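Here's the structure, in structure tokens; my notes come after.
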Amino acid sequence: MTTHSPLVVDLAAVAPNRRRGGDVRAMLTPPLVGATSGFMGMAIVGPGERVTEHYHPYSEEFVYVVSGDMEVDLDGEAHPLRPDQAMLIPINVRHRFRNVGSTEARMVFHLGPLAPRPELGHVDTESAEPAEATS
């Protein structure tokens with residue numbers, strides 16, 4: 001039997017990715033830990049922030065809210081997602097995550113299976129630029 005040490009990745013060791021809004025950190029990925037079936041991470045979303053709409057042509061996305069009050073738009077329809085609740089987002093379903101509460105939200109995500117190439121795994125359907133303010 002072969003033994004190996006577990007590969008532990010600390011959230012603080014992963015650089016924030018803010019390209020799509022919020023603070024998204026992919027933690028257990030093929031490059032970081034040699035994952036072969038998918039990847040896992042944490043999204044940290046401040047009050048009023050969002051992770052822009054996108055879809056995954058090859059992967060299901062599993063999400064679990066650790067803290068905060070989120071809404072998930074699935075193909076344009078809003079669904080509340082609260083702490084200790086999880087959701088499966090099927091392949092090709094457009095989705096956006098919004099923090100609708102007054103405190104930071106933390107959400108664990110896992111995607112699998114992997115796309116054939118990383119650049120094929122995520123399709124953006126809106127810009128991450130903030131919406132125009134209305135008076």
Side-chain angles (χ1 to χ4, degrees):
M1 178 198 302
T2 305
T3 61
H4 66 295
S5 297
L7 299 171
V8 176
V9 177
D10 192 280
L11 181 68
V14 178
N17 177 341
R18 297 183 183 278
R19 287 184 313 228
R20 295 177 177 100
D23 171 353
V24 179
R25 301 186 194 203
M27 299 173 64
L28 301 179
T29 64
L32 284 178
V33 299
T36 60
S37 63
F39 66 93
M40 189 279 294
M42 172 75 74
I44 303 166
V45 186
E49 287 186 329
R50 65 184 175 152
V51 175
T52 57
E53 187 184 81
H54 60 282
Y55 67 93
H56 308 284
Y58 294 93
S59 306
E60 295 176 317
E61 184 167 6
F62 302 81
V63 296
Y64 174 81
V65 175
V66 176
S67 63
D69 293 321
M70 299 291 289
E71 276 191 1
V72 182
D73 298 327
L74 300 177
D75 285 338
E77 184 179 336
H79 300 274
L81 198 56
R82 304 298 182 241
D84 295 330
Q85 292 183 330
M87 176 182 279
L88 168 66
I89 301 169
I91 292 171
N92 284 323
V93 171
R94 293 178 298 116
H95 54 285
R96 165 192 310 111
F97 302 101
R98 296 178 289 118
N99 181 338
V100 296
S102 59
T103 61
E104 174 185 275
R106 288 182 172 237
M107 182 178 67
V108 174
F109 61 89
H110 175 270
L111 283 90
L114 293 171
R117 295 190 319 270
E119 67 273 14
L120 299 177
H122 187 110
V123 178
D124 292 310
T125 55
E126 70 180 355
S127 168
E129 295 182 20
E132 290 184 353
T134 57
S135 14

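As the structure is a prediction and not an experimental result, all values here were calculated from the model.
Looking at every heavy atom in both residues, V14 comes nearest to M27 through CG2-CG, 4.1 Å. Across all their heavy atoms, P30 and F39 have their closest contact at CD-CB, 4.3 Å. The heavy-atom pair separating P57 from I91 by the smallest distance is O-CG2, 3.3 Å. Nearest heavy-atom pair, Y58 versus L114, reported as atom, atom and distance to 0.1 Å: CB-O, 4.5 Å. Across all their heavy atoms, V45 and V51 have their closest contact at CG2-CG2, 4.1 Å. Scanning all heavy atoms of the two residues, the minimum distance from H56 to G121 falls at ND1-O, 3.0 Å.
For the pair M70/M87, no side-chain contact is recorded, criterion being any heavy-atom separation below 4.5 Å from C-beta on. Using a 4.5 Å cut-off on side-chain heavy atoms (C-beta onward), I44 and E104 make contact. You'll find the side chain of P83 reaches within 4.5 Å of the side chain of D69, heavy atoms only. With a 4.5 Å cut-off on side-chain heavy atoms, V66 and V108 count as touching.
Between the NE2 atom in H110 and the OG atom in S37 there is a gap of 5.5 Å [rounded to 0.5 Å]. Here the CD atom belonging to E61 is positioned 14.5 Å from the OH atom belonging to Y55, to the nearest 0.5 angstrom. With values rounded to the nearest 0.5 angstrom, L111 atom CG is found 8.5 Å from I89 atom CD1. Residue T52 holds its OG1 atom at 12.5 Å from CZ of R94, rounded to the nearest 0.5 Å. Atom NE2 of H95 is separated from atom NE2 of H79 by 12.5 Å, given to the nearest 0.5 angstrom.
Ring pair F97/H54 is tilted by interplanar angle, where 30° to 60° counts as tilted.
In the hydrophobic clustering of ILVMFWY residues, with side-chain heavy atoms under 4.5 Å counting as a link, L11 and M40 come out together.
Using a distance-only test at 3.5 Å, with no hydrogens or angles considered, no donor-acceptor pair links the side chain of N99 to the main chain of E49.
Between D84 and Y64, the side chains place a donor N or O and an acceptor N or O closer than 3.5 Å (distance only, hydrogens not considered).
A salt bridge links R25 with D23: the distance from a Lys NZ or Arg NE/NH1/NH2 to an Asp or Glu carboxylate oxygen falls below 4.0 Å.
The residue from E53, E77, E71 that alone fulfils the salt bridge (Lys or Arg N to Asp or Glu O under 4.0 Å) condition with R96 is E53.
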Problem set entry | Test side-chain contact (heavy atoms from CB on, under 4.5 Å) applied to V9 and L28, step by step | CA-CA 7 Å; V9 177; L28 301 179; 4.0 Å; yes
